[in-house]
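In what follows, residues are counted from 1 in the order of the sequence shown.
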Amino acid sequence: MRRRLLSSMLLVAVIAVLLLGVPLAVLTVRLINDEVAQELRAEATRLLIGVEYSVSQNQVIDSTQLAKNYPDRYVQVFVRGYPLIVAGTPPPAGRELTEEARSESGYVRISRDSAQVDQDVHARLVLTIALAVVALGAAIGLATVTSRRLTLPLQDLTKIAERLGSGDARPSKHRYGIPELDLVAEVLDHSALRISDLLAREREFATDASHQLRTPLTGLTMRLEEIVGAATEPAIVREEGEAAIVQVERLTAVIDELLAAARRQRHAQAEPIDVDDVVEQQITEWEPAFRRARRSLVLAGDRGLSALGTTGGLSQALSTLMENSLKHGGGSLTINTSCTDKSVVIEVADEGPGIPDNLGPKVFERSVSGAGGTGLGLTLARALVAADGGRLELVKPRPATFAIFLRQTRDADRHRVVSGPA
C-alpha cells in the first residue's frame, strides 16, 4: 500500500509539474523573444527619428558615431538622396535578429546577434527545470511522509487485529491524529473490551460449572454407594434409587441455572417457591453424609413459608452452605426458617470453630478460602441468591452462621402460605 501511495502521489506531482512547467517554459521563451524584438524595434524607431531630424537640419550622419551609440548592433540607414549608411558588424548567418522602422523619407534596420538571447533563454529554462526538480523533490518528501503517516497506523491496526484474533484482548488505546484511523482504533478497542469480557465470562462459566456440578455429583455418588451397600435390601435400594433420581433432577436444574446465569436471565425467572420443600429436599440429600460423619441435621423455625426465587438457585445455595459445614464445621447443623415483614430468612448454623477474623470480611470474595478449597462456593451461592433478588450474608463468624434473605411473596397471610382452598 505504501508503494501505491508513493507512486500515485509522484504521478500526480509529475503530471502537475508537466502541466505547469512546459507551458511556463514555452511562455518564457516567447516573452524573451518578444522583449528583444520590441527593444530592437524601439531602437530603430528612435534612430529613424534622429536621422530625419539630422537631414532636416542638413547635418551629416556619422557611421562611427552610430556604432558608438549602438554597440553590439548592426545598423543600416537609408534616406532618399543619400547613400546607404552602415555601422557595426553584421551578426553570423542564421543568428541574426532584425527589426526595422520606415517612413516616407527612408528606413532604419537594426540587427543583433541572437547568442546572448539564447543564453538568456537557456538560463530561464534551467531555472524552470530546477524549480520543477525542487517541486518534485518536495512532492517526493511529502509523499513519503504522508504514506508513512498512513501506512504505519494501518500496520499497527493490523497487528492489533492479529493480536485480537490470537486471543490477546488488551485494548491498545493508540490514536494517530487521523479521524478515520482513530475511529477504527476506537472500534478495535471496544471490540477488545467485548472479547475480553466474553473470554472472562467463558472462563468464569467453566469454573462455576465445574464447581457447581461437583456438589450434586458428589451427592449422586453417595446415593449410588448406598444402593450398592444395600443391594440385598430392596426397600433401601428403592428408597435410595428414588433419592438418586431426585439428585439427577437437581443436577439438571443446576445445569439450567448455570446456563441461565451465563445468559443473565435468572432474575426474570424468579417465582413463588415452597421453602419447606427445598429445605427438606436438601436435608434428605445430605443426611447420609452427615450421619457417616456422626453429625446431625436439625430443622427448626416456621413452616409453610413461601418466597420469590428459583428452586435451583435456593437448592444450590443451601447445598453449598451444608457442604461447607460438612467439610469445615462441626457438631449439629441447624437450618432455621423464619420471616420478617418483607423477607423470608433461612439461617444455616453449626457448632464448629467458625470463620477466622481475617477471613470474615472476605469470605464471599472469589478464590478466598481458609481451608484449601477453591474459594468459589460461597461466591457462586451469593450470586445465585442475588440473581433471585435475595441476599446471602454471614451474620455470625463464630460459630459460623449464614442467612439467606429472600423476598416474601404477596399474599393475604404475609407470614405463611397455606396450600389448598381457603
Taking only Lys NZ, Arg NE, NH1 and NH2, and the carboxylate oxygens of Asp or Glu, determine whether Glu100 and Arg102 approach each other closer than 4.0 Å.
-> yes
What's the verdict on side chain to side chain contact (heavy atoms under 4.5 Å, CB included) for Glu285 and Gln282, showing C-alpha distance, side-chain angles and the deciding distance?
-> CA-CA 5 Å; Glu285 179 179 324; Gln282 288 300 311; 3.8 Å; yes
Value for CG (Asp113) from CG (Leu97), rounded to nearest 0.5 Å, stands at 8.0 Å
Name the atoms and distances for all side-chain donor-acceptor pairs under 3.5 Å in residues 116-129, with sequence neighbours left out.
unit_1 : atom_1 : unit_2 : atom_2 : d
His122 : ND1    : Asp118 : O      : 3.3
Thr128 : OG1    : Arg124 : O      : 2.9

Check for a donor-acceptor pair, side chain of Ser325 on one end and backbone N or O of Leu321 on the other, with a separation under 3.5 Å.
-> no
Passes side chain to side chain donor-acceptor pair (under 3.5 Å), Glu52 versus Ser103? Steps please.
-> CA-CA 9 Å; Glu52 290 179 344; Ser103 67; 2.3 Å; yes
Answer yes or no: is there a side-chain heavy-atom contact under 4.5 Å between Leu40 and Thr98?
-> no
Side-chain contact, heavy-atom cut-off 4.5 Å: Arg398 with Pro353?
-> no
Please report the closest heavy-atom contact between Ala403 and Val395, naming both atoms and the distance.
-> CB-CG1, 3.7 Å
Could you give the distance from OH (Tyr107) to CD (Gln76), rounded to the nearest 0.5 Å?
-> 6.0 Å
Heavy-atom distance under 4.5 Å between the side chains of Leu406 and Leu314, does that happen here?
-> yes
About how many Å separate CD1 of Ile404 and OG of Ser343, when rounded to the nearest 0.5 Å?
-> 12.5 Å
Contact check, side chains of Met322 and Ile335, non-hydrogen atoms, under 4.5 Å | yes
Ser111 (side chain) donor-acceptor with Glu96 (main chain) under 3.5 angstrom = no
Passing candidate, side chain to side chain contact (heavy atoms under 4.5 Å, CB included) with Leu31, options Leu27, Thr28, Val29 = Leu27
Side-chain donor or acceptor of Ser63 paired with backbone N/O of Ile61 under 3.5 Å | no
Applying the side chain to side chain contact (heavy atoms under 4.5 Å, CB included) test to Leu318, which of Val385, Val348, Val275 qualifies?
-> Val348
Under the 6.0 Å and 45° cation-pi test, does Arg295 pair with Phe290?
-> no
Where the side chain of Asp388 meets the backbone of Thr310, is there a donor-acceptor pair that is under 3.5 Å apart?
-> yes
If only atom types and distance count, is the side chain of Thr379 paired as donor or acceptor with the main-chain N or O of Phe364 below 3.5 Å?
-> yes
In terms of side-chain geometry, is the basic nitrogen of Glu39 or Arg73 positioned less than 4.0 Å from the acidic oxygen of its partner?
-> yes
Leu136 and Val14, any side-chain heavy atoms less than 4.5 Å apart | yes
State the CD1-CG distance between Ile355 and Asn324, to the nearest 0.5 angstrom.
-> 8.5 Å
Can you tell me if Gln408 uses its side chain to pair, donor with acceptor, with the backbone of Thr340 under 3.5 Å?
-> yes
What is the distance from atom CD of Glu43 to atom CG of Leu47, rounded to the nearest 0.5 Å?
-> 9.0 Å
Does a donor on one side chain and an acceptor on the other come within less than 3.5 Å for Ser338 and Asp302?
-> no
State, with a plain yes or no, whether a side-chain heavy atom of Arg112 is found less than 4.5 Å away from one of Val36.
-> yes
Quick one: OG on Ser54 to CD on Gln65, what's the gap to the nearest 0.5 Å?
-> 10.5 Å
Any donor-acceptor pair under 3.5 Å linking the side chain of Thr144 with the backbone of Ile140?
-> yes
Please examine the side chains of Val77 and Leu84, heavy atoms only from C-beta on, and report whether any two atoms are closer than 4.5 Å.
-> no
Are any of the side-chain heavy atoms of Trp286 and Glu323 separated by less than 4.5 Å?
-> yes
Hey, mind stepping through Cys339 and Val345 against side chain to side chain contact (heavy atoms under 4.5 Å, CB included) and telling me if it holds?
-> CA-CA 6 Å; Cys339 65; Val345 184; over 6 Å; no
